[in-house]
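All values derive from a computational prediction rather than experimental measurement.
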Amino acid sequence: MFKRSIQIVILLVVIVGMLYYTNTHFSSVITASVSIITSLTVLFVGLVIFMENRNPSSTMAWILILALVPVVGFIFYLLFGQSYRKRRKFDRKALQDAQMYLSFKNQDQRSDYSNFPVNQQKMFHLANNIAKSHLSLSTHTKVLTNGGMTFAAIVEELNKATHHIHIEYYIYRDDEIGKQIQNILLQKAKEGVKVRFLFDAVGSYKLPESFIEEMRAGGIEAIAFDPVTFPLFSSKVNYRNHRKIIVIDGQVGFIGGLNVGDEYLSRSTTYGFWRDTHLLVTGEAVRTLQFIFMTDWYHMTGKTYSNQAYVPPVLTDGKEDGAVQIIASGPDQQITAMKNLFFSMITSAEKSIWVATPYFIPDDDIFTALRVAAMSGIDVKILFPKKPDKWLPYLASHSYFPGLVDSGVNIYEYERGFMHSKILIVDGVMASIGTANMDMRSFHLNFEVNAFLYDTESTEQLVADYEADLADSVRLDSDRIKNRGYVVRFLESAARLMSPLL
């Protein structure tokens with residue numbers, strides 16, 4: 001597969017060549033006809049966008065792009081803008097997921113939450129209604145801070161597997177840690193353990209075919225999630241599986257922000273220290289992780305496994321460590337679960353809202369909720385990396401900072417390295433950790449999965465880690481934000497204009 005940069009150059013060369021050839025070899029009549037057809041096409045696309053009743057900012061962004069650069073805007077619309085194509089593509093997956101949900105339904109369906117605070121009870125019901133995820137009181141979690149602790153735990157648990165290993169990642173690399181885990185998977189497959197490996201075709205596009213074939217030859221079922229034959233000419237490239245899930249023997253699970261690659265172990269000279277957070281899950285909630293993996297696996301293979309070897313009965317030990325809900329979201333949902341749960345958490349806050357995210361591109365609802373909370377006297381903090389890994393979302397994120405700071409939000413830049421944690425903590429007792437960033441791509445386009453924690457020991461650990469991260473950060477003051485140069489502000493505004501198009 002060509003690198004995307006090479007593909008973009010090729011496409012631009014083709015477009016410029018076609019325009020030059022048309023201008024040089026065709027008569028003025030034909031050129032005028034092409035211009036009229038192009039204008040009518042752009043006008044039609046603009047009318048379609050208008051009639052779809054999208055978010056007003058998204059509608060205006062699309063129309064503005066089409067008006068300023070019609071050809072480029074039309075190509076972008078074909079790739080990223082056709083919401084009807086998304087609905088058609090994922091309606092079938094939503095139906096399949098609903099059918100599988102009946103067979104994976106949790107046995108413990110508690111309905112009396114009267115001993116929980118009212119704001120948490122609302123979260124329970126909202127999550128159950130829009131994401132079909134029941135609350136678990138029989139789950140234990142452990143925060144894994146950074147790559148060293150995370151991969152040590154993953155390797156340890158993989159080596160214990162006796163029946164099956166299910167592994168699903170957005171990015172999986174053919175490097176030292178990638179090969180180490182591959183070797184464990186191959187050894188387990190040799191021992192008779194069923195190993196199923198699902199990787200995103202776009203996120204893991206650098207993964208060599210030889211790497212995959214070696215796994216398949218060793219007895220591992222390795223499948224790419226939604227392969228894209230022609231990335232530049234397919235809207236499929238826009239809807240990606242951003243989840244990171246491991247389920248071992250139906251008893252142990254992993255979820256969080258870390259993909260598989262050496263940079264996540266701080267071995268990259270480009271990023272240096274990599275700050276991230278993962279979660280080890282045992283107990284009842286592993287069933288939900290298993291269900292999410294199985295729905296994705298069924299989407300690609302048509303195969304499912306619902307016997308007790310994969311979904312063991314719920315066992316309660318009588319020890320309660322708060323409550324846990326595992327929430328999946330994606331473009332197959334009519335109501336976007338992650339965005340609405342984040343919004344509910346933010347608006348329920350009474351004391352504090354602490355956010356950590358490497359990409360901060362909120363929609364109007366989240367942006368307004370954070371500003372109103374800060375103006376109401378709630379302690380609102382946003383932890384953001386000082387150095388970017390992607391310039392476009394980095395610039396777009398900064399365009400939101402002036403309005404937030406003016407409202408009393410405290411924004412901190414993490415200076416020790418690259419901050420990739422995806423955390424939301426409310427009042428120090430309710431938290432979300434997982435794969436979803438606080439941006440429109442995670443809200444509307446990617447398949448994501450987060451754990452929502454209520455009064456758990458892990459919540460306390462997340463609070464402690466957040467406070468430690470603040471010690472490695474610098475707060476942005478109002479003068480620094482307002483005194484940005486005109487060129488920087490122009491680039492930020494241009495990047496922000498593009499954000500609703502995704």
**Study point:** For H278, all residues meeting ring pair (Phe, Tyr, Trp, His ring centres under 6.0 Å), sequence neighbours excluded
**Key:** none

**Study point:** salt_bridge(E284, R287) N-O dist < 4.0 Å
**Key:** no

Practice item. Indicate the atoms forming the closest heavy-atom contact of A328 with A131, along with that distance. Key: O-CB, 4.1 Å

Revision key, fill the gap. On a heavy-atom basis, the closest approach of Q251 and V286 is O-CG2, 3.5 Å

Practice item. For the pair I212 and F199, evaluate side-chain contact (heavy atoms from CB on, under 4.5 Å) and give the outcome as yes or no after the intermediate values. Key: CA-CA 10 Å; I212 302 302; F199 60 97; 3.7 Å; yes

Practice item. Drop me the distance from H420's NE2 to N259's CG, to the nearest 0.5 angstrom. Key: 6.5 Å

Check your understanding: Is there a side-chain contact between E168 and R196 (heavy atoms, below 4.5 Å)?
Key -> no

Revision key, fill the gap. Contacts of Q325 meeting side-chain hydrogen bond (donor to acceptor under 3.5 Å, both in side chains) (sequence neighbours excluded), chain-then-number -> Y454

Pair up each side-chain donor or acceptor in residues 381-389 with any protein partner under 3.5 Å, not counting sequence neighbours, and list the distances.
residue: K381; atom: NZ; partner: D379; partner atom: OD1; Å: 2.9
residue: K381; atom: NZ; partner: D379; partner atom: OD2; Å: 2.6
residue: K386; atom: NZ; partner: E415; partner atom: OE2; Å: 3.1
residue: D389; atom: OD1; partner: Y359; partner atom: OH; Å: 3.2
residue: D389; atom: OD2; partner: Y359; partner atom: OH; Å: 2.6

Check your understanding: Is a side-chain donor-acceptor pair under 3.5 Å present for K244 with H242?
Key -> yes

Exercise for review: Report the residues that fulfil salt bridge (charged side-chain N to carboxylate O under 4.0 Å, His left out) with D465, sequence neighbours left out, ordered by chain and then residue number.
Suggested key: none

Check your understanding: Taking the side chain as C-beta and beyond, is there a heavy-atom pair between L144 and F151 under 4.5 Å?
Key -> no

Check your understanding: Run the side-chain hydrogen bond (donor to acceptor under 3.5 Å, both in side chains) check on Y170 and N241 step by step: do they pass?
Key -> CA-CA 6 Å; Y170 175 62; N241 189 336; over 6 Å; no

Practice item. Considering only NZ, NE, NH1 and NH2 on the basic side and carboxylate oxygens on the acidic side, decide whether R267 and E176 come within less than 4.0 Å. Key: yes

Check your understanding: Quick check: are there more than 12 heavy atoms from other residues, nucleotides or ligands sitting under 6.0 Å from CZ of F490?
Key -> no

Practice item. Kindly write out the residues that satisfy side-chain hydrogen bond (donor to acceptor under 3.5 Å, both in side chains) with Q180, not counting sequence neighbours, or none if the list is empty. Key: none

Check your understanding: Are any of the side-chain heavy atoms of I245 and I167 separated by less than 4.5 Å?
Key -> no

**Study point:** Nearest-0.5 Å distance, CZ of residue R240 to OG of residue S204
**Key:** 9.5 Å

Practice item. Please name all residues satisfying salt bridge (charged side-chain N to carboxylate O under 4.0 Å, His left out) with K179, sequence neighbours left out, ordered by chain then number. Key: D174

Review point. Quick check: does any side chain N or O of T357 sit under 3.5 Å from a backbone N or O of N437, one acting as donor and the other as acceptor?
Key: no

Exercise for review: Measure the CE-CG distance between M338 and L424 for me, rounded to the nearest 0.5 Å.
Suggested key: 11.0 Å

Review point. Which value, rounded to the nearest 0.5 Å, describes the distance between I181 atom CD1 and I246 atom CD1?
Key: 6.0 Å

Check your understanding: How close do L279 and S458 get, heavy atom to heavy atom, and via which atoms?
Key -> CD1-OG, 4.1 Å

Review point. Applying the salt bridge (charged side-chain N to carboxylate O under 4.0 Å, His left out) test to D363, which of R496, R441, K339 qualifies?
Key: K339

Check your understanding: Is any side-chain heavy atom of F360 closer than 4.5 Å to a side-chain heavy atom of L370?
Key -> yes

Review point. Using 4.0 Å as the upper bound for N to carboxylate O, is an ion pair formed by E448 and K422?
Key: no

Review point. How about F211 and Y172: are their ring centroids closer than 6.0 Å?
Key: yes

Review point. Considering residues at least two apart in sequence or located in another chain, which fulfil the ring pair (Phe, Tyr, Trp, His ring centres under 6.0 Å) criterion with Y271?
Key: W274, F418

Check your understanding: If you take all heavy atoms of I255 and A451, which pair is closest and at what distance?
Key -> CD1-N, 3.8 Å

Exercise for review: Go through the steps for F443 and I366 under the test side-chain contact (heavy atoms from CB on, under 4.5 Å), then give the verdict.
Suggested key: CA-CA 11 Å; F443 292 161; I366 298 292; 3.9 Å; yes

Check your understanding: Do D439 and P393 come close enough that some side-chain heavy atom pair is under 4.5 Å?
Key -> no

Review point. Between R243 and D296, is a salt bridge (charged side-chain N to carboxylate O under 4.0 Å, His left out) present by the stated rule, with each step listed?
Key: CA-CA 10 Å; R243 294 167 179 164; D296 292 341; 2.7 Å; yes

Practice item. Determine, step by step, whether L135 and N128 satisfy the side-chain contact (heavy atoms from CB on, under 4.5 Å) criterion, reporting the C-alpha distance in whole Å, the side-chain angles of both residues, the deciding distance to 0.1 Å, and the verdict. Key: CA-CA 8 Å; L135 185 73; N128 191 21; over 6 Å; no

Check your understanding: How about W354 and I423: do any of their side-chain heavy atoms sit closer than 4.5 Å?
Key -> no

Exercise for review: For the pair Y394 and W391, name the ring-plane relationship: parallel under 30°, tilted 30 to 60°, perpendicular over 60°.
Suggested key: perpendicular

Review point. With sequence neighbours left out, what residues match T301 under side-chain hydrogen bond (donor to acceptor under 3.5 Å, both in side chains)?
Key: W297

**Study point:** Which residues share a salt bridge (charged side-chain N to carboxylate O under 4.0 Å, His left out) with K188, sequence neighbours left out
**Key:** E191

Practice item. Search all heavy atoms of S442 against all heavy atoms of S329 and return the closest pair with its distance. Key: O-OG, 4.3 Å

Exercise for review: Only counting residues at least two apart or in another chain, list the ones meeting side-chain hydrogen bond (donor to acceptor under 3.5 Å, both in side chains) with T347.
Suggested key: none

Study note, to complete from the structure: Hits for side chain to side chain contact (heavy atoms under 4.5 Å, CB included) against T282, two or more places apart or cross-chain, chain-then-number order -> H140, V252

Point to revise | E157 side chain reached by F254 side chain, heavy atoms, under 4.5 Å | key: yes

Check your understanding: So, do V449 and I326 sit near enough that their side-chain heavy atoms are less than 4.5 Å apart?
Key -> yes

Check your understanding: Which residue pairs pass the salt bridge (Lys or Arg N to Asp or Glu O under 4.0 Å) test with at least one member in residues 271-283, sequence neighbours excluded?
Key -> R275-D469

Check your understanding: Taking all atoms of both residues into account, what is the closest heavy-atom pair of V193 and A161, and its distance?
Key -> CG2-O, 3.8 Å

Exercise for review: Start with the C-alpha gap between L186 and I184, add the side-chain angles, then the distance that decides, and say whether side-chain contact (heavy atoms from CB on, under 4.5 Å) holds.
Suggested key: CA-CA 5 Å; L186 287 169; I184 296 173; over 6 Å; no

Check your understanding: So does E221 pair up with R216, basic N to acidic O under 4.0 Å?
Key -> no

Practice item. First locate atom CG of L453, then atom CD1 of I433, and finally report the distance between them rounded to the nearest 0.5 Å. Key: 7.0 Å

Practice item. For this output row, return yes or no: ring centroids of H164 and Y310 closer than 6.0 angstrom. Key: yes

Revision key, fill the gap. dist I361:CD1 -> S399:OG (nearest 0.5 Å) comes out at 8.0 Å

Review point. Centres of the F367 and Y400 rings: under 6.0 Å?
Key: yes

